[in-house]
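Values in this document were obtained by computation on a predicted structure and should not be read as measured data. Residue numbers run from 1 in the order of the sequence given. Side chains are part of it too, since the values below use all heavy atoms of this structure and drop only hydrogens, waters and symmetry mates.
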Amino acid sequence: MKRIFEIQGVKLMEGGCACGHVRYRLTGRPMIVNACHCTWCQRETGTVHALNAVYEFDRVEHLKAEPEIVDTPSASGKGQRIARCPLCKVAVWSNYPGAGPALRFVRVGTMDDPGQCPPDAHIFTSTKQPWVTLPADAKAYPEFYDISKVWPAEVRERGRAARERIAQKK
């Protein structure tokens, strides 16, 4: 069942793990959706890229069970924190060191209607599989992009405000 609806003009989307134990609701549109083609994401997901919708931590509401947080290594050497269902082990979102706990990188494939979040940017395309063809108009970057040049001012402000809110919680 697709769970996309609006309350007082705000778009809400829902999703969860494969077994349904972990469910979440997303408020509003994502800040950006990245298709990461790095070899680490290829290995971790078992496919050609990871597709992550970036949301502020407080726009990801847990509706059922809390995911377990698993600290995992990463290509950067800084690791990442992956939120997984404690039963089926599906990854529902991650936190990366650069963004810290303020931003959650929600796995688009766990959304009830993943078609609502096509990629805005393809990153680490220098290591994408050679048989993966990107659309001619795709925004593609050989490595990661410069956030100040890619994210609109409104999105950068959302990120700044989320970091401020998370700092106030400490």
Exercise for the section: Could you give me the CA-CA distance, side-chain angles and deciding distance for Q129 and Q42, then say whether side chain to side chain contact (heavy atoms under 4.5 Å, CB included) is met? Expected result: CA-CA 9 Å; Q129 291 301 311; Q42 291 175 40; 2.6 Å; yes
Problem - Note, H122 side chain near K128 side chain (heavy atom, < 4.5 Å) - result: no
Exercise for the section: Measure the spacing between CD of E143 and OG1 of T125 and express it to the nearest 0.5 Å. Expected result: 7.5 Å
Practice task
Would you please classify the geometry between the H37 ring and the H49 ring as parallel, tilted or perpendicular, with 30° and 60° separating the classes?
Solution key: tilted
Practice task
Kindly work out whether a path of hydrophobic side-chain contacts (I/L/V/M/F/W/Y, heavy atoms less than 4.5 Å apart) joins Y24 to M13.
Solution key: yes
Completion exercise
dist E44:CD -> I82:CD1 (nearest 0.5 Å) comes out at 3.5 Å
Practice task
Tell me yes or no: between the side chains of S74 and Y96, is some donor less than 3.5 Å from an acceptor?
Solution key: no
Problem - Test item: H21 and P86 side chains (from C-beta on) under 4.5 Å apart, heavy atoms - result: yes
Problem - Cluster overlap M31 with Y145, hydrophobic side-chain contacts below 4.5 Å - result: yes
Practice task
Report whether V106 and I69 are members of the same hydrophobic cluster (ILVMFWY, side-chain heavy atoms less than 4.5 Å apart, transitive linking).
Solution key: yes
Handout entry: R29/E154 salt bridge by N-O under 4.0 Å criterion
Key = no
Completion exercise
All heavy atoms of G28 vs all of Y55, minimum pair found to be O-OH, 3.1 Å
Completion exercise
When every non-hydrogen atom of C88 is compared with those of C85, the smallest separation belongs to N-SG, 3.4 Å
Practice task
Determine, for D112 against R23, whether the closest basic-nitrogen to carboxylate-oxygen distance falls under 4.0 angstrom.
Solution key: yes
Problem - Single-linkage hydrophobic cluster, 4.5 Å side-chain cutoff, V155 and V54 together - result: yes
Completion exercise
Residues joined to F57 in its hydrophobic cluster, side chain to side chain under 4.5 Å directly or through other members, sorted by chain and number, are I166
Handout entry: Closest contact, heavy atoms only, A53 versus M111
Key = CB-CE, 3.7 Å
Exercise for the section: Would you give the length of the straight line joining atom CD of E56 to atom CZ of R163, rounded to the nearest 0.5 angstrom? Expected result: 10.0 Å
Practice task
Flag the pair E68 and R84 as a salt bridge only when some basic side-chain nitrogen lies within less than 4.0 angstrom of an acidic carboxylate oxygen.
Solution key: no
Completion exercise
For P114 and G109 the tightest heavy-atom approach is CB-CA, 4.4 Å
Fill in the blank from the handout: Rounding to 0.5 Å, atoms SG (C117) and CG (N34) come to a distance of 11.5 Å
Practice task
Determine whether V92 and R107 make a side-chain contact, defined as any pair of heavy atoms from C-beta on separated by less than 4.5 Å.
Solution key: no
Practice task
Quickly, which of K169, R104, R165 forms a side-chain hydrogen bond (donor to acceptor under 3.5 Å, both in side chains) with D58? Name it, please.
Solution key: R165
Handout entry: Side chain proximity check, R156 to I147, heavy atoms < 4.5 angstrom
Key = yes
Exercise for the section: Mark yes or no for whether N95, through its side chain, and L103, through its backbone, hold a donor-acceptor pair below 3.5 Å. Expected result: yes
Problem - pair P119-L51: side-chain heavy atoms closer than 4.5 Å - result: yes
Exercise for the section: Would you sort out whether V60 and L26 count as a side chain to side chain contact (heavy atoms under 4.5 Å, CB included), showing the intermediate values? Expected result: CA-CA 5 Å; V60 181; L26 304 169; 3.8 Å; yes
Problem - Flag side-chain contact, heavy atom, 4.5 Å: I32 against V150 - result: yes
Exercise for the section: Locate the shortest heavy-atom distance separating C19 from L87; write the atom from each residue and the value. Expected result: SG-CB, 4.1 Å
Exercise for the section: Name the orientation class of the two ring planes belonging to W93 and H62 (parallel below 30°, tilted from 30 to 60°, perpendicular beyond 60°). Expected result: perpendicular
Exercise for the section: Locate the shortest heavy-atom distance separating T45 from A50; write the atom from each residue and the value. Expected result: CG2-CB, 4.0 Å
Practice task
Would you mind reporting whether W151 and E157 have side-chain heavy atoms less than 4.5 Å apart?
Solution key: no
Practice task
Report whether W40 and F105 are members of the same hydrophobic cluster (ILVMFWY, side-chain heavy atoms less than 4.5 Å apart, transitive linking).
Solution key: no
